[in-house]
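Just so we're on the same page: letters track the sequence lines, and every chain starts at 1.
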Amino acid sequence: MTVSGGAPCSRGCPTPPAFESADERMKQLYDLHAGPVYRFLLGLTFGRRQAAEDLLQETLLRAWRQLDNLDSDISTLRPWLLTVARRVAIDAGRAQKARPTVVGDVDLSGLPAPDNPVDRLIVAQTLRTSMAALSPEHRRVIFELYYMGRTAPEVAALLGIPEGTVRSRAFHALRSLRASLTASESPE
Amino acid sequence: MAPVRMIVTGADKSKRGEIMETNQHTGPGHDELRESLGLYLSGTLDPAEERRVEAHLAGCAECRATADELADVVLLLPNLSNDDMRDLLTPDRPESPEPGHVAPFRRPSPARRRGRMLAPLLAAAAALVAIAFAGGAWWNGSYGPASRPVSSSTSAGATASVEFPIDRELRLVVVGLRPRAEFEVIAVARDGKPHLLARHQAIGGPQRVVAETPVPADEIVLVIVAQLDGTVVVAVPL
């Protein structure tokens, strides 16, 4: 959709163009959102500016590719950009074998951001406990996808299950893991 | 989950936004795309399917919220190494929640296990002698029911032994602290909550600490000895 997102105009205002160019929309997107997305990424990277800038570029590149599918009102796109930014950060962390990354800005209620070794140990222990509470099938799919980097067809072939089952297990395993992590953080 | 409306400005856009949300929630493919979020976050979807998921996320606030929740979990995964995960997959894991279950995964080779275990064992050997000596005299006559010392060490040579002679009473001997260095003893409970048990200055040689724990002994899964700057001296998983 590339309908113009101009503000309502009273009589006498110049008529906005029916379509904005992709360049204009990207410029608008950058002006409105690059700063906040960059700051969000700075948090994810513990203040490493170069890493945050690289992740911002990748996020904007994905926005460029999806421009036709995005709401024409550029001002509404920040939630989507932050979702994609998280995913881009996950990819970067995986590529660098960086450990650990961060909790993020969301409420994994009180799980400490592992920016020092003690917190890191505590997060690892909490994660280990929650992971142990998963079903063996869910644990196995998480291991193959997220630790071994296998694709869904590869995991399906390895485990002798349909690809759709891998898809389903990956989703529900993460949900269960989150439920376990957040439950362990509930107040006494 | 309650439907979440996109924030749009202007009457026309508001209407269009509602239509977009409705279509995304009820349209074909929503459930399938939602269930693809785990694979999307694993980075293993092919590029075409990945673009399809991202296009869906652009119009579906519910899936965006779910993706954000799951992404926060995925961001934590690097805190466990591949070896940690392999250990969780092995059938002889004592804390397995499914007793008797045989996970369909081969055990790490003996050579790899030896590689992981050998260095800390060697590093610990001398220190354990000191701990056994000091601790043996100190613990004399104080053992409670079913409590045995658990030891751990680091490649840097620090070693600690933890014991609960009675419930809620932790006894620790640690070797490898710099003389006069301040250190903390932290117990991590099963729910992930850290409890600061003690803060001391090392006196040199085996350092002994007795501390009351705010939670029962069987709730404690990890004891950490750390310097005040956050450097971990040694951690003892229980």
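Residue with the most contacts toward chain B among Leu127(A), Val141(A), Leu81(A): Leu127(A) (heavy-atom pairs, distance under 4.5 Å). For the set Gly149(A), Ala152(A), Pro79(A), Ala173(A), the count of heavy-atom pairs under 4.5 angstrom toward chain B peaks at Pro79(A). Comparing Leu37(B), Leu222(B), Leu77(B) by how many heavy-atom pairs each has under 4.5 Å with chain A, the most go to Leu77(B).
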request  = Dump the intermediate steps for ring-ring contact (aromatic ring centres under 6.0 Å, His included) on His138(A) and His172(A), then the final yes or no.
outcome  = CA-CA 8 Å; His138(A) 282 173; His172(A) 291 288; 7.1 Å; no

inquiry  = For a salt bridge (charged side-chain N to carboxylate O under 4.0 Å, His left out) check, start with the C-alpha distance between Glu35(B) and Arg167(A), then their side-chain angles and the critical distance, and finish with the verdict.
reply    = CA-CA 7 Å; Glu35(B) 214 165 55; Arg167(A) 180 186 307 266; over 6 Å; no

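The contact between Thr129(A) and chain B is made entirely by side chain atoms (from C-beta outward), counting heavy-atom distances below 4.5 Å. With a 4.5 angstrom heavy-atom cutoff, Val188(B) touches chain A only via side-chain atoms. Contacts of Leu41(B) with chain A are made by both backbone and side-chain atoms, with heavy-atom separations under 4.5 Å. Interface residue Ile186(B): only side-chain heavy atoms are found under 4.5 Å from chain A. Neither the backbone nor the side chain of Gln227(B) comes within contact range of chain A, judged by heavy atoms closer than 4.5 Å.
Side-chain contact between Leu32(A) and Leu77(A): absent, with no pair of heavy atoms (C-beta onward) separated by less than 4.5 Å. The shortest distance between side-chain heavy atoms of Thr66(B) and Arg34(B) falls below 4.5 Å.
Using a 3.5 Å distance cut-off with no hydrogens or angles, the side chains of Glu49(B) and Tyr40(B) do not pair a donor with an acceptor.
Between the Thr59(A) side chain and the Leu55(A) main chain, a donor and an acceptor come within less than 3.5 Å of each other.
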